[in-house]
Amino acid sequence: MTGHTRKPVWLQVLGWFFWLHVLGMPVQAMLVFGHPPWEWTALWAKIAPQNQLVMVCSATAALGVQRVSRWGWYAALGFVGVALWNNWVLLHYPTPMPRWTVGAANGGLVLLGAWLLRPPVVRLFHARSLHWWRAAPRYPVCARVELVTQAGVRAEGSVFNLSRTGLFAEVPGLGVPQGEVVQVRVHLEDRLLSCRARVVRCAPASATYPEGLGLRFVSVPLPDRVWLWLGLPAGAEA
């Protein structure tokens, strides 16, 4: 298994960075013009159009980054581009802000853009398979499992763990390509779970997992789906 077991802390930090940028410009307008927060229409009118665009891009990036969505990554790069353009405007017109602060902000934006373009960051935002913190909780279950491949090959093994969305089957030596849909029958103590599942991982034996297949359910009868969502934790503990 690769990826993060929970959402990386730096994603939350980056999201809050963008939210602070959203709040920063209204706070500056309140300090300069003396408007209270509830006079939001007057504050918005005092903010220049390019700064309004920066705020919109920053809010979009904050939402997308905290959701670890691909569009959030694009929005974050868009924020960098719009903010650099806004600072270029500030450098060419007289403003109350010292020029060195604008230059320092530009340097920080360039570093942020370069960091967002790092291959590990790009892969994380573009590959949902790395978002392991989104996975449903896995419960250890002692049960026999039968698999039937599309070629008609039958195999038996045991369930290593079971979740609401799939299971890991300990079936040594069964060569099934990733992406193939197989028929699954799990013999639990009080029910037979029969469904179709897609092979999402073919794992060799390791320190934490036996040799086997990671399966994601693609077609589950309604009664079994209700049990997976409502009765699995209690059934697993029993």
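In this text the structure is predicted, and so the values were computed from the model without any measurement.
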Q. Does Ser163 reach the main-chain N or O of Thr165 with its side chain, forming a donor-acceptor pair under 3.5 Å?
A. yes
Q.
I need the Arg164 CZ to Leu230 CG distance, nearest 0.5 Å.
A. 8.0 Å
Q: Answer yes or no: is there a side-chain heavy-atom contact under 4.5 Å between Arg185 and Val145?
A: no
Q) What do the steps show when you test Gln183 against Glu146 for side chain to side chain contact (heavy atoms under 4.5 Å, CB included), and what is the final call? A) CA-CA 8 Å; Gln183 187 68 34; Glu146 299 177 39; over 6 Å; no
Q: Measure across Arg191 and Pro223 and return the closest heavy-atom pair with its distance rounded to 0.1 Å.
A: NH2-O, 3.8 Å
Q: Heavy atoms only: give me the nearest Leu116-Trp73 pair and the separation to one decimal.
A: O-NE1, 2.8 Å
Q: May I ask whether Val56 and Leu20 are part of the same hydrophobic cluster, defined by side-chain heavy atoms of I, L, V, M, F, W, Y residues being less than 4.5 angstrom apart, directly or through others?
A: no
Q | Closest approach of His126 to Arg70 (non-hydrogen atoms, all atoms of both residues) | A | O-NH2, 3.2 Å
**Q.** Verify same cluster id: Trp10, Val65 (apolar side-chain graph, 4.5 Å)
**A.** yes
**Q.** Contact check, side chains of Asn161 and Tyr139, non-hydrogen atoms, under 4.5 Å
**A.** no
Q | ILVMFWY cluster, Val199 and Val218 together (side-chain gap under 4.5 Å) | A | no
Q: For Leu124 and Pro8, work out which heavy atoms get closest and say how close.
A: CD2-CG, 4.4 Å
**Q.** Lys/Arg-Asp/Glu bridge criterion (N-O < 4.0 Å) met for Glu156, Arg154
**A.** no
Q.
When you compare the side chain of Pro172 with that of Glu211, does any pair of heavy atoms fall below 4.5 Å?
A. yes
Q: Would you check, one step at a time, whether the test side chain to side chain contact (heavy atoms under 4.5 Å, CB included) holds for Val141 with Leu188?
A: CA-CA 8 Å; Val141 174; Leu188 299 164; 3.6 Å; yes
Q) Can you get from Leu84 to Leu77 by hopping between Ile, Leu, Val, Met, Phe, Trp and Tyr side chains that sit under 4.5 Å apart? A) yes
Q) If you count the non-hydrogen atoms of other residues, nucleotides and ligands that lie under 6.0 Å from CZ in Arg67, is the total more than 12? A) no
Q) Got more than 12 heavy atoms from elsewhere within 6.0 Å of CH2, Trp115? A) yes
Q) What heavy-atom pair brings Ser219 and Cys195 nearest, and what distance separates the two atoms? A) O-CB, 3.0 Å
**Q.** CG-CH2 distance between Leu63 and Trp71, expressed to the nearest 0.5 angstrom
**A.** 5.5 Å
Q | Non-hydrogen side-chain atoms of Pro119 and Val122 separated by less than 4.5 Å | A | no
**Q.** Distance (rounded to the nearest 0.5 Å) between Glu180 CD and Leu215 CG
**A.** 10.5 Å
Q: Working to the nearest 0.5 Å, report the span between CZ of Phe79 and CG of Leu112.
A: 7.0 Å
Q) side chain to side chain contact (heavy atoms under 4.5 Å, CB included) between Leu167 and Val184: does it pass, once the steps are laid out? A) CA-CA 10 Å; Leu167 61 88; Val184 181; 4.2 Å; yes
Q: Kindly compute the distance separating SG (Cys57) from CZ (Phe18), expressed to the nearest 0.5 Å.
A: 10.0 Å
**Q.** Minimum side-chain heavy-atom gap Leu192-Val186 below 4.5 Å
**A.** no
Q. So, do Arg201 and Phe168 sit near enough that their side-chain heavy atoms are less than 4.5 Å apart?
A. yes
Q: Applying side chain to side chain contact (heavy atoms under 4.5 Å, CB included), run through Glu170 and Val159 and close with a yes or a no.
A: CA-CA 6 Å; Glu170 184 178 354; Val159 177; over 6 Å; no
(Q) In this structure, would Trp19 and Leu23 fall into the same cluster of hydrophobic residues linked by side-chain contacts under 4.5 Å? (A) no
Q) What orientation do Tyr209 and Phe160 show, parallel under 30°, tilted 30 to 60°, or perpendicular over 60°? A) tilted
Q. Rounded to the nearest 0.5 Å, what separation is found between the CD atom of Gln66 and the CG atom of Leu14?
A. 9.0 Å
Q: Taking the side chain as every heavy atom from C-beta outward, state whether Val182 and Val176 have any atom pair closer than 4.5 Å.
A: yes
Q) Does the cation-pi check pass for Arg198 over Phe217, that is, NZ or CZ under 6.0 Å from the six-membered ring centre and within 45° of its axis? A) no
Q) Should Leu147 and Leu213 count as side-chain neighbours, where that means a heavy-atom distance under 4.5 Å? A) yes
(Q) Which heavy atom of Gly157 sits nearest to which heavy atom of Val171, and what is that distance? (A) CA-CG2, 4.3 Å
